[in-house]
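Report on one structure; see the data block that follows.
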Amino acid sequence: MVEVMEKNLRQDILIVDDVPENLQILALMLKDEGYSVRPVSSGRMALKIAKANPPDLILLDITMPELNGYEVCELLKLEPELKDVPVIFISALSDMGDKLKAFETGGVDYITKPFKIQEIQARVATHLKLRQMQKELEHYSQHLEAMVQSQVKQISDSQLATIFALAKLAESRDDETGKHLERVQKMCKLVTGQLQRVNSSHGKLGLEFMENIYHASPLHDIGKVGISDLILLKPGKLTDEEFAVIKAHPVIGAQTLEAVYREHPNDLLKIGIEVARYHHEKWDGTGYPEGLAGDMIPLSARIMGLVDAYDAIRSTRVYKQSFSHEEACEKIYMDSGKHFDPQLVEIFRTLEPVFKLLHQQLVD
């Protein structure tokens, strides 16, 4: 009995009736059951009190001055914090049309006056129990959603880490201790963000595109796994035949990713395929493997091509020395409209100091 009383004290009932005798009877009866009770004599006052402190249940008369019960119920249901509070109508109106209107405005039950105390007690207890179950279900659903989101994030983070690890493994064959992948990730994000700011109408740009190119950019040279070390790590100049083999790595990488994409299609892999296949294409159409030109080259690959070129110029490899930031910039500016998208070169020009700083921070 004590447990029941403690439970009921936590359940608050708002009673709305313009007849003082009805308020007094209902209030005393429900207090005896252990509920917290707030009796009010007008609909306007009921709305004010309910908004300030939402009750667990409302007993509502229909025939009242100013606002009738139907109007009060409709206004209650417009408030997000009150729309789920159960409303039981108590009225002397017994016509079926009146009862139907009560349910149409949002009521959960209808008790006809003169009422019986046992009926009030039973229906109040039933709807409070239903409301409690609804709250518990909502809480469980929110908790479950949070758990699912957390699990999805863990899976997503794990998948992204795996993608980066595989790309890092492929890259390590000719960049053994470097931070090339980390640099191109950040540089791609910088260029994309700046392009968004100066050209917000560009259909492909947005936060999702920026995040996808950030995570997909390490896949650009994944096809190098299919190139022999004798060619990939050759310190001298490549022959025409050897260079033809090197030029196959974009296709090898793209085909590998396309096989995965067929089983698990998603936007990140789609951009991964683009940067793998097309990052060696040139604006004037003299690149490889397909000789695409201008806007025919996917935006992601154009961004990747510029970023990859800058970092390659700055980096030391077995077959080349490194160049300074200033020398790298000069080469990129000279190739605007030839190798690189002119708009992206202008974006690079505004970001030039940031590129220099980033390369210093993530130096090999």
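Here the structure is a predicted model, which is why all the values come from computation and not from measurement. When a residue number appears, it is its place in the shown sequence, counting from 1.
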Taking all non-hydrogen atoms of both residues, which atom of [X] and which atom of [Y] are closest, and how far apart?
| X | Y | result |
| --- | --- | --- |
| S94 | T112 | CB-CG2, 4.2 Å |
| R38 | P54 | NH2-C, 4.1 Å |
| A276 | A254 | CB-N, 4.0 Å |
| A50 | L14 | CB-CD2, 4.1 Å |
| L219 | G272 | CD1-CA, 4.1 Å |
| P265 | R262 | CD-O, 4.2 Å |

For D284, which residues count as a side chain to side chain donor-acceptor pair (under 3.5 Å) partner, sequence neighbours excluded?
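Counting only residues at least two positions away or on another chain, D284 forms a side chain to side chain donor-acceptor pair (under 3.5 Å) with T286.
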Side chain to side chain donor-acceptor pair (under 3.5 Å) filter on Q134, not counting sequence neighbours, yields R131
Residue pair [X] / [Y], side-chain heavy-atom distance below 4.5 Å:
| X | Y | result |
| --- | --- | --- |
| L82 | P55 | yes |
| I13 | L128 | yes |
| S315 | R183 | yes |
| L232 | I246 | yes |
| L358 | M187 | yes |
| F115 | I25 | yes |
| H220 | L181 | yes |
| Y110 | L100 | no |

Counting neighbours of CD on E81 that are heavy atoms of other residues, nucleotides or ligands and sit closer than 6.0 Å, is the number greater than 12?
yes
Does a sphere of radius 6.0 Å around CG in L130 hold more than 12 heavy atoms from other residues, nucleotides or ligands, not counting ones at 6.0 Å or beyond?
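More than 12 within 6.0 Å, yes.
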Determine whether a donor-acceptor pair (N or O, by modelled atom type, separation under 3.5 Å) exists between the side chain of [X] and the backbone of [Y].
| X | Y | answer |
| --- | --- | --- |
| Y278 | S300 | no |
| D56 | D12 | yes |
| K234 | K237 | yes |
| H279 | V275 | yes |
| T192 | K189 | no |
| Q185 | P218 | no |
| K77 | K83 | yes |

Determine whether K135 and D84 satisfy the following criterion, side chain to side chain contact (heavy atoms under 4.5 Å, CB included), listing intermediate values before the conclusion.
CA-CA 9 Å; K135 286 182 177 180; D84 293 324; over 6 Å; no
Taking salt bridge (Lys or Arg N to Asp or Glu O under 4.0 Å) as the definition, give me every residue that meets it alongside K113, ordered by chain and number, with sequence neighbours left out.
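Applying salt bridge (Lys or Arg N to Asp or Glu O under 4.0 Å) to K113 gives D17, D61.
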What pairs of residues pass the side chain to side chain donor-acceptor pair (under 3.5 Å) test when at least one of them lies in residues 326-337, not counting sequence neighbours?
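Checked against side chain to side chain donor-acceptor pair (under 3.5 Å) - neighbours excluded - the pairs reaching residues 326-337 are S324-E327, E326-K356, Y333-E352.
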Roughly how far, to the nearest 0.5 Å, is the [atom2] atom of [Y] from the [atom1] atom of [X]?
| X | Y | atom1 | atom2 | value |
| --- | --- | --- | --- | --- |
| I271 | L257 | CD1 | CG | 12.5 Å |
| E242 | K247 | CD | NZ | 14.0 Å |
| K99 | I111 | NZ | CD1 | 11.0 Å |
| M45 | L47 | CE | CG | 11.0 Å |
| L60 | N68 | CG | CG | 9.0 Å |
| L57 | K129 | CG | NZ | 15.0 Å |

R349 and E346 ion-paired at < 4.0 Å:
yes
Sidechain N-carboxylate O distance under 4.0 Å for D311, K186:
no
As a test of understanding, state which of F355, F323, F340 forms a ring-ring contact (aromatic ring centres under 6.0 Å, His included) with Y310.
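Option passing the ring-ring contact (aromatic ring centres under 6.0 Å, His included) with Y310: F355.
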Run the side-chain contact (heavy atoms from CB on, under 4.5 Å) test against K116 and tell me which residues pass, sequence neighbours left out.
Q118, E119
D295 meets the side-chain contact (heavy atoms from CB on, under 4.5 Å) criterion, sequence neighbours left out, with W283, R302
Side chains of D308 and H280 only: does a donor on one sit below 3.5 Å from an acceptor on the other?
no
Start with the C-alpha distance between Q11 and L30, add both sets of side-chain angles, then the distance that settles side chain to side chain contact (heavy atoms under 4.5 Å, CB included), and finish with yes or no.
CA-CA 11 Å; Q11 294 176 305; L30 293 172; over 6 Å; no
Between S42 and M64, does a side chain to side chain contact (heavy atoms under 4.5 Å, CB included) hold up when you go through it step by step?
CA-CA 7 Å; S42 75; M64 297 184 294; over 6 Å; no
